[in-house]
Amino acid sequence: MLDLKTVADRWQKEWENKKAFQVEVKDRKQKKYFLTTPYPYMNGYIHLGHLFTYIYPEVIARYKKMQGYNVLFKFGFHCTGTPIIAAANRIKEKEPKQTGILKQMGIAEKDIPKFADPQHWVDYFPKETLKDLKRMGFLIDERYTFRTTYLNPTYDAFIRWQFNKLKAKDHVKKGKHPVIWCPKDNVPVGDHDRAEGEGETPQEFLLFKHQLDDGRFVVSATLRQDTVLGITNLFVHPDIQYCEAVVDGEQWIIGEKAALALQDQGHSVKVTKHIKGKELIGKRTKEFDGSHVLILPATFVDPNVGTGLVHSVPSDSADDLIALWDLQKDEATLRKFHLNVDEVRSIKPIPVLNTPEYGDVAAEAMLKKNKVTSQQQRQLLDEIKKELYRISHYTATFNAKYKHAFSKNLEGKPVHEGKELIKKELIEKKFALPYYEPTGKVVCRCLTPCIVKVVENQWFLEYNDPTWKNEAHACLDQMKLYPEKVRKQFDYVLDWLDHWACTREYGLGTQLPWDKHWVIESLSDSTLQMAYCTIAPYLEQSKAYGYAIKTLDDAFFDFIFLGKGTAAAIEKSSGIPKHMLERMHEEFNYWYPFDFRNSAKDLVQNHLSFTLFNHTAIFPKPQWPKSYLVNGRVMVNNEKMSKSKGNFFTVRELGEKYGPDVIRLTAANAGEGIDDANFDMAFVEAAKKKLSDVIECAQTHYNKGRAQEKGIDRWLQVKINRSISEATKNLDVMLLKSAVKSAFLDMQRSLAWYTRRTKGDFHKETINRFIEVQLKLLTPFTPHVSEEAWHAIGKKNFVSLEPWPEAGFFDEGTEQAEELIEATLTDINQVLKLAKIEKPKKITLFVAEAWKHTAAETMQALLDQGERDFKKILTELLKNAELKQHAQDITKILPRVIKNGAAPHASSQRKELAAMQDAKTFIEREFSCTVEIIAADKSTEPKAKQSMPGKVAIVVA
RNA sequence: GCGAGGGUGCCGGAGUGGUCAAACGGGCUAGCUUGAGGGGCUAGUGGCUUAGUGCCUACGCGAGUUCGAUCCUCGUCCCUCGCACCA
């Protein structure tokens with residue numbers, strides 16, 4: 001077997017030497033195709049997951065190239081953001097896990113300390129990634145690749161321009177923002193920096209202030225402001241330490257954790273003393289509706305949740321109700337805290353909501369349904385809490401108590417409709433205020449539990465602006481989406497996006513030009529860089545073009561991208577010659593907008609949507625994105641890729657082991673559409689063999705064979721045309737897996753059948769066409785193999801630069817005839833099996849009577865018209881004198897035809913006879929016996945009557 | 001919960017109102033290749049049945065629309081992704 005890696009080496013060198021894929025804008029009238037894909041993050045080598053996404057633009061790029069487009073496949077290396085800095089710090093600290101990651105990648109022990117400097121990552125990985133991509137044979141012109149970060153000054157200038165533009169349009173505003181925060185490190189803690197609590201987010205609670213007689217407030221936290229009128233009492237944990245603090249000038253009693261968190265949420269907090277929960281028991285507080293309630297002891301209260309104080313709504317909280325019941329039964333405890341037993345026992349749930357199927361005291365119904373007996377059944381109670389929350393929120397309605405309590409009559413209204421209003425008014429009346437807490441426990445890598453901090457002076461991109469949203473929708477509307485069904489998701493996301501915190505206090509990135517304290521966050525700086533790419537070579541390799549750049553200010557980018565100002569003015573400030581400025585401007589206009597961008601589906605709700613917003617903000621409509629493709633994630637042998645499972649592969653090691661073409665083909669064949677794809681290692685093995693065969697086949701058969709053309713040759717010609725047509729169709733709609741099938745697997749199948757039919761006696765012209773077309777169709781997927789075979793058959797140019805083949809003629813009759821032969825083979829086999837004859841001496845085949853063909857044709861015509869009435873069809877058929885003679889047979893066949901909704905494929909007896917005659921020797925050879933072919937009407941054999949158009953009757957002996 | 005997508009053979013996956021037991025790939029079984037190495041070829045791979053190429057059953061589950069549904073409608077169960085300030 002050929003070594004495909006050597007093959008790849010050879011052609012990569014050739015392409016390089018001849019600069020086969022160097023991008024040039026020679027003729028601005030030439031049609032162009034500009035492909036982009038989100039750049040990989042440079043904290044490691046790229047892996048199979050990256051490759052799967054990148055195989056789309058790569059295959060399409062090569063396909064478009066062969067179609068005569070001037071193609072630019074953009075590639076960048078992502079370095080902004082926090083992960084690189086974080087990883088570098090961990091190397092600095094010699095953290096074993098991080099060191100291990102580098103080692104596993106094959107970085108030499110002695111080189112590892114270099115990675116303590118973030119700059120080293122930014123230097124090292126882009127270089128190596130480019131190698132990997134080239135090794136895979138990607139159609140990338142490296143002059144058009146670039147790194148993101150301030151370490152690349154021209155890119156940095158570009159991002160400043162982008163943000164100044166956004167600011168000028170009022171899309172960037174200052175505000176407050178809750179984030180998960182480490183109180184020790186004093187930084188926000190993203191998912192990747194957490195020791196525990198990935199996926200937890202800030203959640204908005206309300207603090208309820210319950211006033212004691214002495215003016216102090218006992219403060220509880222809740223998500224259920226809808227039940228505010230159902231409060232019957234408060235619960236404290238008798239043994240927990242609470243603190244008394246001056247919060248925004250008021251005396252509050254709250255848990256210690258909440259006191260800490262409040263400080264980070266913009267409140268002034270001064271703790272004055274600590275008190276035990278039991279000190280509060282028996283006191284009374286005044287509620288929102290003016291009622292007074294008792295403070296009672298309960299042990300389910302968790303000091304780490306909310307304020308560590310709970311207001312009790314036993315009608316709609318199972319926890320509260322069961323705790324109340326437990327307490328009411330527990331006379332000892334009541335006495336211990338000097339509570340009035342009768343008074344406590346008289347506390348009853350106050351109905352506030354009507355919950356379908358659960359009545360007006362939903363908590364009670366819920367407890368009974370789940371047979372809860374004690375507040376100690378924590379797990380069950382937690383489940384009930386969630387369930388009840390869900391049911392109340394979506395199905396419950398407010399009762400009469402809500403008629404006048406708020407500015408609008410809420411009686412009978414669903415809870416989810418009234419909740420916002422209640423919140424607003426409770427806050428206005430100073431009974432409540434917002435408070436944030438993580439949705440679950442979050443622990444920083446430094447092992448400190450995290451809180452929610454409300455960051456002040458944060459900069460936001462105002463994606464919630466309705467006018468901007470409309471623009472983004474307009475942009476989406478004019479785009480092609482692959483697959484189209486992702487449109488709904490995009491529409492939803494565009495509406496859902498709120499303002500986006502676009503700056504960070506640390507990380508690699510461009511400084512916010514007007515507020516240098518902040519660094520632009522990486523999802524925000526990557527939304528427009530496709531434009532930068534079009535001129536990247538002229539900025540990053542200015543020396544090659546004979547000038548040195550002085551400064552790039554906003555006027556420069558305004559000129560290049562928006563055509564504002566004059567080249568002459570910018571020549572001075574930038575140091576770039578006028579003609580180069582003009583060239584950049586024109587080339588940008590030539591390449592832009594991008595025609596294609598794709599990513600895995602997880603970027604839909606951020607990057608891909610942001611890109612739409614940013615384009616509409618800065619570019620005029622003609623420069624808006626043309627299409628998006630959204631792909632699934634890649635699995636390996638149907639399992640999620642993961643290092644622990646041992647199915648994690650870097651592109652590097654795959655290339656090393658199998659060579660690029662096998663991997664490219666397998667990746668393209670892994671799947672299409674939005675569902676997760678499957679990289680099948682079994683296919684990898686099969687592909688190795690199949691690809692070697694392609695080269696071998698070309699070498700063996702090209703320019704050999706007979707001169708005289710036969711029927712079966714015509715069949716292969718038709719099949720070749722089918723494959724061309726199908727492959728083209730599939731590539732046009734970005735269906736790679738389907739394209740692999742039509743461009744390769746179907747072709748190979750046709751060849752196999754052709755070989756069998758001709759017994760290897762090929763027609764020279766036909767096999768030549770087959771080989772040439774096969775190599776061209778394969779080129780986008782396996783360019784090295786194609787190139788190798790192309791030259792093996794004596795071609796001197798690159799197949800990569802050949803025009804994409806055009807489908808010639810089609811001939812359904814020929815295809816049908818061949819299908820008849822194939823079906824006949826299958827049927828003969830079945831008959832032989834049924835008749836228990838292993839070695840037949842003679843096979844007689846009866847081609848259906850002429851009238852059956854006529855009947856089939858008429859039936860199909862009627863069926864196509866929608867006719868399903870037995871009698872009508874029969875009458876119609878019998879109008880034909882020829883058919884009338886066979887009325888009895890027709891009445892037998894007809895019901896089945898009607899049931900199937902389709903008649904047998906009508907051909908003509910003459911054609912079927914000819915096709916069978918043509919294949920006679922072939923069938924004889926296949927079964928090693930004599931074959932006779934007879935028209936059914938010319939025979940007295942009873943079985944001959946079983947023949948139908950497209951199905952011969954068979955007698956074996 | 002919300003939004004989106006999906007549930008088809010031993011597996012991956014086509015099909016999207018009729019000729020389609022289900023393309024294409026993989027796996028498995030049998031036979032052949034008269035000869036060794038995960039090679040090639042042929043046949044088979046839902047059930048039942050058969051002097052004959054047939055019949056029945058199936059596309060998560062239940063109901064409906066239709067002459068006819070894997071494909072449309074409704075209900076139900078299950079799975080995947082996302083729900084953010086993070087690349």
(message) Are the side chains of A:K719 and A:E815 in contact, using a 4.5 Å heavy-atom criterion?
(response) yes
(message) Counting only Watson-Crick pairs (N1-N3 plus N6-O4 or O6-N4) and G-U wobbles (N1-O2, O6-N3), all under 3.5 Å, who is the partner of B:A21?
(response) none
Identify each atom pair where a protein N or O and an N or O of nucleotides 77-81 of chain B are less than 3.5 Å apart, giving names and distance.
unit_1 : atom_1 : unit_2 : atom_2 : d
B:C81  : OP1    : A:K640 : NZ     : 2.9

(message) Do A:W753 and A:E818 have side chains that approach each other closer than 4.5 Å (heavy atoms only, starting at C-beta)?
(response) yes
(request) Check RNA chain B against residues 737-756 of chain A and give the residues with a non-hydrogen atom under 4.0 Å, in numerical order. (result) A:K741, A:L745, A:R749, A:R756
(message) When you compare the side chain of A:Y436 with that of A:Q265, does any pair of heavy atoms fall below 4.5 Å?
(response) yes
(message) Are A:T503 and A:E521 packed together at the side-chain level, in the sense that at least one heavy-atom pair is separated by less than 4.5 angstrom?
(response) no
(request) Show the numbers, then the answer: is there a side chain to side chain contact (heavy atoms under 4.5 Å, CB included) between A:M916 and A:I821? (result) CA-CA 7 Å; A:M916 293 304 298; A:I821 308 299; 3.8 Å; yes
(message) Reading RNA chain B from 5' onward, which residue's closest nucleotide shows up sooner: A:N829 or A:A686?
(response) A:A686
(message) Is the terminal nitrogen or CZ of A:R147 (NZ for Lys, CZ for Arg) located under 6.0 angstrom from the six-membered ring centre of A:F77 and within 45° of that ring's axis?
(response) no
(message) Using the P atom as the point on both nucleotides, what is the distance between B:C11 and B:C86, in whole Å?
(response) 43 Å
(request) Identify, with sequence neighbours excluded, every residue that meets salt bridge (Lys or Arg N to Asp or Glu O under 4.0 Å) alongside A:R749. (result) none
(message) Taking only the P atom of each, what is the distance from B:G82 to B:U49 in whole angstrom?
(response) 50 Å
(request) For A:Y754, check ring pair (Phe, Tyr, Trp, His ring centres under 6.0 Å) against everything at least two apart and list the hits. (result) A:F762
(request) Please list, chain by chain and in numerical order, all residues satisfying salt bridge (Lys or Arg N to Asp or Glu O under 4.0 Å) with A:D491, sequence neighbours excluded. (result) none
(message) Using the P atom as the point on both nucleotides, what is the distance between B:C72 and B:G6, in whole Å?
(response) 10 Å
(request) Hunt down the Watson-Crick or G-U wobble partner of B:A14, both distances under 3.5 Å, from any strand shown, or write none. (result) none
(message) Of the listed nucleotides (B:A4, B:A84, B:C86), which one gets closest to any side-chain atom of A:R504?
(response) B:C86
(message) When you compare the side chain of A:V604 with that of A:Y628, does any pair of heavy atoms fall below 4.5 Å?
(response) no
(message) I'd like to check A:F679 versus A:F52 (side-chain heavy atoms, cut-off strictly below 4.5 Å). Are they in contact?
(response) no
(message) Any base atoms under 4.0 Å from A:N669, or only sugar-phosphate, or nothing? Heavy atoms, all strands.
(response) nothing
(message) Counting the atoms with a prime plus P, OP1 and OP2 as sugar-phosphate, which does A:D675 contact under 4.0 Å by heavy atoms, base, sugar-phosphate, or nothing?
(response) sugar-phosphate
(request) Summarise protein proximity over nucleotides 50-58 of chain B in one line of letters, 5' to 3': B for base, S for sugar-phosphate only, - for none, counting protein heavy atoms closer than 4.0 Å. (result) BBBBSS---
